[in-house]
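A note on names: the letters A, B, ... follow the listed sequences, proteins ahead of strands, and every chain is numbered from 1.
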2 protein chains.
Amino acid sequence: MNMEPINLKKLASLLHLSISTVSKALRDSHEISADTKKRVMDLARELNYEPNPYAGSLRKFKSKTIAVIVPDIINNFFIFAIKGIQEMAHARGYHVLIYITNENPEYEKDVVRHMTNGRVDGVVISLTSPLDDTEHLQALQEKGLPIVFFDRVAEGFGNSSIIATNNYESAYNGTRYLIEQGCKRIAHCQVSDKISIGIDRLQGYQKALEDAGIAVRPEWILTSRKDYMHDTALIEQTLLQKNAPDGLFTSVETHALIAYDICRKHQIDIPGQLKLLSFSNMPTAHLLKPSLSTITQPAFEIGQAAVQQLILALEKPARYVPEQINMDSVLVKRESTAKQPDQ
Amino acid sequence: MNMEPINLKKLASLLHLSISTVSKALRDSHEISADTKKRVMDLARELNYEPNPYAGSLRKFKSKTIAVIVPDIINNFFIFAIKGIQEMAHARGYHVLIYITNENPEYEKDVVRHMTNGRVDGVVISLTSPLDDTEHLQALQEKGLPIVFFDRVAEGFGNSSIIATNNYESAYNGTRYLIEQGCKRIAHCQVSDKISIGIDRLQGYQKALEDAGIAVRPEWILTSRKDYMHDTALIEQTLLQKNAPDGLFTSVETHALIAYDICRKHQIDIPGQLKLLSFSNMPTAHLLKPSLSTITQPAFEIGQAAVQQLILALEKPARYVPEQINMDSVLVKRESTAKQPDQ
DNA sequence: AATAATTACGGAATCGTTGCCGGTAGCCGG
DNA sequence: CCGGCTACCGGCAACGATTCCGTAATTATT
């Protein structure tokens with residue numbers, strides 16, 4: 001069952017040609033006659049010859065492989081982004097190694113560090129590490145590996161493109177929308193206070209409150225620890241306090257779902273007592289009870305754009321200039337933020 | 001910025017040692033003195049030396065890389081399975097290449113064919129190809145590459161483990177449950193009539209009908225073409241005909257969501273007019289309106305088990321015997337199948 | 001004290017592929 | 001008839017790491 005492998009040497013001996021001739025024939029070199037090319041290609045096809053990718057990588061310092069590093073996969077944003085990354089990469093002939101850091105900065109560092117050995121030509125990453133702790137990324141840069149950030153980005157990396165959404169504006173508009181719907185006490189649940197999207201979205205939220213003349217209450221800025229139990233307790237306690245918020249703006253769909261569960265448990269009416277708005281790419285948002293108002297990012301397109309930038313950096317380094325691409329997310333208004341009769 | 005690479009040669013020259021000595025020292029060989037080992041390891045750590053994986057792969061015919069091939073990624077079953085695969089693989093020191101075939105058998109064949117070149121040590125796959133068209137998998141087998149199937153499996157591959165759920169029993173129990181809830185006219189939407197889970201689930205559905213003395217109506221066995229428009233039209237037409245089904249049992253969550261949309265559009269009451277049951281791993285099933293009754297597979301565990309089997313085949317081929325592991329799925333009863341007062 | 005065994009290291013081949021260089025045969029112009 | 005040109009092909013040295021083998025120096029054995 002374990003057939004002996006077919007390689008150039010094998011082909012060459014069968015065809016009574018030299019290895020280099022076979023190699024050139026397969027690569028359609030002009031140095032080889034049409035006759036010979038045909039003989040070589042026919043036999044290669046017949047024997048199902050597939051060049052060993054690692055031998056080529058060793059010579060050419062290119063692996064035609066990229067890494068995608070994401071904090072989480074149980075999150076529809078990343079699912080759609082990965083789908084975009086995957087499709088674009090394969091369309092351009094690249095293979096995709098996937099790494100899930102589980103929101104663990106130490107693990108992310110490990111993964112990134114082991115990436116300096118030529119296994120991949122470039123990296124597409126959505127960070128879980130705090131913005132002030134990025135030496136592991138610097139190391140990659142120094143090795144000359146192109147990096148493209150998406151969604152959770154780090155700025156100030158000279159060579160790196162950044163693909164993100166208009167987080168500040170989205171959060172501003174979302175918060176203002178909640179205010180327009182009658183909310184006066186809006187809490188915000190951020191994914192982290194140390195990463196880009198956490199900071200940008202918080203600022204948008206704060207600015208919208210200020211512009212409406214509403215004081216920002218620090219105790220209503222909830223910061224996730226990416227721990228289900230902790231986050232649940234934090235949100236629950238906030239929603240159950242006296243004079244509780246009448247609006248909740250969450251930064252990831254997980255927290256919106258937690259809020260749903262809490263409201264069911266304690267019979268808090270959405271949107272009557274609490275209006276809920278969340279960044280989310282859930283395909284079921286419109287089917288929930290009540291349907292969930294969302295700020296939806298173009299996740300698939302973000303993934304595609306990230307890979308396009310990366311491949312540009314890899315294949316036309318001369319023509320490549322790092323770009324900061326900002327895509328618009330859309331606010332989809334549904335029942336969870338509906339204005340009530342008495343409001 | 002593009003620092004010169006550090007490899008064994010570089011380390012050797014810096015340490016005034018030979019390449020082979022450095023290599024052995026790093027691998028903790030007994031041939032090397034403790035002194036030298038320490039000198040080597042210290043410098044390697046200081047310079048952040050990472051061995052080139054492809055050079056080793058070339059010599060040892062092992063890449064420490066596996067491929068996971070799935071038909072789709074916008075499907076929570078595969079999401080959780082991929083998470084399980086990923087975690088287990090990384091825990092055992094393997095890298096994971098991901099390929100999404102988009103339910104396209106031709107693309108799957110392409111991917112599999114290009115896998116015979118040593119890029120991966122083994123393959124974890126959920127099939128999209130019909131059961132009677134598996135030469136591409138035979139080719140892998142002949143090359144000696146271990147394959148582990150999960151969920152959508154192919155039998156009769158001597159070397160291959162199979163990880164699946166009790167599809168027949170689950171479908172039987174699910175259908176019987178619908179009957180117990182008062183359904184008399186149950187339609188079934190299968191994912192395909194040519195793959196394992198499609199066939200097994202259909203048989204379970206049919207047997208449950210027979211055992212209840214209900215005739216199987218072929219026109220109520222809907223076969224997906226994995227095309228959103230087509231599937232929507234098919235289900236819509238079935239649900240709108242006169243004497244329409246009073247129960248729908250779908251094999252993938254996508255079709256359940258389609259059914260939700262159709263029912264909303266045409267004001268068909270769930271569960272009043274139509275009871276809905278679906279295989280699904282949706283985290284939002286309990287939050288839908290109405291909440292969705294599901295048959296939920298242990299997707300994460302299936303992914304883990306698949307990789308465990310694969311690594312066993314790779315690392316202890318002598319001790320490895322192909323296994324057929326069947327895990328139980330659970331039927332979660334919710335509103336979409338609730339018995340009505342008059343039933 | 002002579003031989004055997006052990007320790008610690010270096011040399012060189014090897015994995016499969018690429019690409020530079022060189023060589024031969026045939027053809028043409030001068 | 002010879003130099004130069006093109007078309008076509010082969011030899012060989014890499015790429016980075018592993019591993020078999022060889023060897024010198026030191027230690028152990030009888």
Side-chain angles (χ1 to χ4, degrees), chain A residues 2-41 43-44 47-65 114 116-121 143-144, chain B residues 2-41 43-44 47-65 114 116-121 143-144:
Chain A
N2 209 322
M3 269 175 35
E4 65 179 304
I6 31 186
N7 45 34
L8 288 185
K9 195 199 289 184
K10 179 93 184 195
L11 288 180
S13 80
L14 286 174
L15 291 163
H16 302 291
L17 288 171
S18 78
I19 293 179
S20 56
T21 301
V22 175
S23 172
K24 284 182 235 173
L26 288 173
R27 319 185 84 256
D28 203 28
S29 160
H30 63 92
E31 291 184 37
I32 307 298
S33 72
D35 261 20
T36 309
K37 275 186 197 168
K38 183 163 165 28
R39 283 210 305 141
V40 172
M41 297 215 193
L43 185 67
L47 296 185
N48 269 314
Y49 167 73
E50 285 283 338
N52 184 310
Y54 298 146
S57 298
L58 198 53
R59 279 254 354 180
K60 298 185 294 184
F61 297 107
K62 291 195 179 190
S63 62
K64 277 276 185 177
T65 305
H114 289 297
T116 59
N117 56 11
R119 190 183 292 275
V120 297
D121 297 341
K143 285 282 173 181
Chain B
N2 208 323
M3 267 176 35
E4 65 178 305
I6 33 185
N7 44 33
L8 288 186
K9 195 199 288 182
K10 179 92 184 194
L11 288 179
S13 80
L14 286 174
L15 290 162
H16 302 290
L17 288 171
S18 78
I19 293 178
S20 55
T21 302
V22 176
S23 172
K24 288 180 216 168
L26 288 172
R27 320 193 88 256
D28 204 27
S29 161
H30 63 93
E31 292 183 37
I32 307 298
S33 71
D35 261 21
T36 310
K37 275 186 197 168
K38 182 161 164 30
R39 282 211 305 143
V40 172
M41 298 216 191
L43 185 67
L47 297 186
N48 269 314
Y49 167 74
E50 285 284 337
N52 183 309
Y54 298 146
S57 298
L58 197 54
R59 279 248 2 172
K60 297 186 293 183
F61 298 108
K62 292 195 178 188
S63 61
K64 278 274 184 178
T65 305
H114 289 299
T116 60
N117 55 11
R119 189 183 292 275
V120 297
D121 297 340
K143 285 281 175 182

Review point. To the nearest angstrom, how far is Arg119(B) atom CZ from dG16(C) atom C1'?
Key: 14 Å

Exercise for review: Quickly work out the His16(B) NE2 to dC9(C) C1' distance and round it to whole Å.
Suggested key: 16 Å

Point to revise | Spacing of Leu11(A) atom CG relative to dG16(C) atom C1', expressed in whole Å | key: 12 Å

Review point. Measuring from Asn52(A):CG to Phe61(B):CZ, what's the distance to the nearest 0.5 Å?
Key: 8.0 Å

Exercise for review: Give the rounded distance in Å between these two atoms: NZ of Lys9(A) and C1' of dC15(C).
Suggested key: 9 Å

Review point. Which heavy-atom pair separates Pro51(A) from Asn117(B) by the least distance, and what is that distance?
Key: O-CB, 3.4 Å

Revision key, fill the gap. Regarding the side chain of Ala55(B), the nearest nucleotide among dA17(D), dG10(C), dA8(C) is dA17(D)

Check your understanding: Which whole-number value in Å describes the distance from Glu50(A) CD to dT17(C) P?
Key -> 11 Å

Check your understanding: Looking only at side-chain N and O atoms, does Asn7(B) come under 4.0 Å of OP1 or OP2 in dG16(D)?
Key -> yes

Review point. In terms of the nearest nucleotide of DNA chain C, which residue is placed more toward the 5' end: Leu17(B) or Leu58(B)?
Key: Leu17(B)

Review point. In Å, rounded to the nearest 0.5 Å, how long is the span from CG of Leu17(B) to CG of Leu8(B)?
Key: 11.5 Å

Check your understanding: Quick one: what's the B/S/- string for nucleotides 18-23 of chain D, heavy-atom cutoff under 4.0 Å, read 5' to 3'?
Key -> BBB---

Exercise for review: Could you check how far NE2 of His30(A) sits from C1' of dC9(D), rounded to whole Å?
Suggested key: 13 Å

Point to revise | Phosphate OP1/OP2 of dC9(C) contacted by Thr36(B) side-chain N/O (<4.0 Å) | key: yes

Practice item. State which of dC15(D), dC9(D), dC15(C) makes the closest approach to the side chain of Phe61(A). Key: dC15(D)

Review point. Roughly how far apart are Leu58(B) CG and Arg59(A) CZ, rounded to 0.5 Å?
Key: 12.5 Å

Revision key, fill the gap. Rounded to whole Å, the OH-P distance (Tyr54(A) to dA14(D)) equals 26 Å

Check your understanding: To the nearest 0.5 Å, how far apart are OG1 in Thr21(A) and CD1 in Ile32(A)?
Key -> 5.0 Å

Review point. Tell me: CG of Asn52(A) to C1' of dG16(C), nearest whole Å?
Key: 6 Å

Check your understanding: Distance from Lys24(A) atom NZ to Ser18(A) atom OG, nearest 0.5 Å?
Key -> 7.0 Å

**Study point:** 4.5 Å side-chain heavy-atom contact, Val22(B) and Lys10(B)
**Key:** no

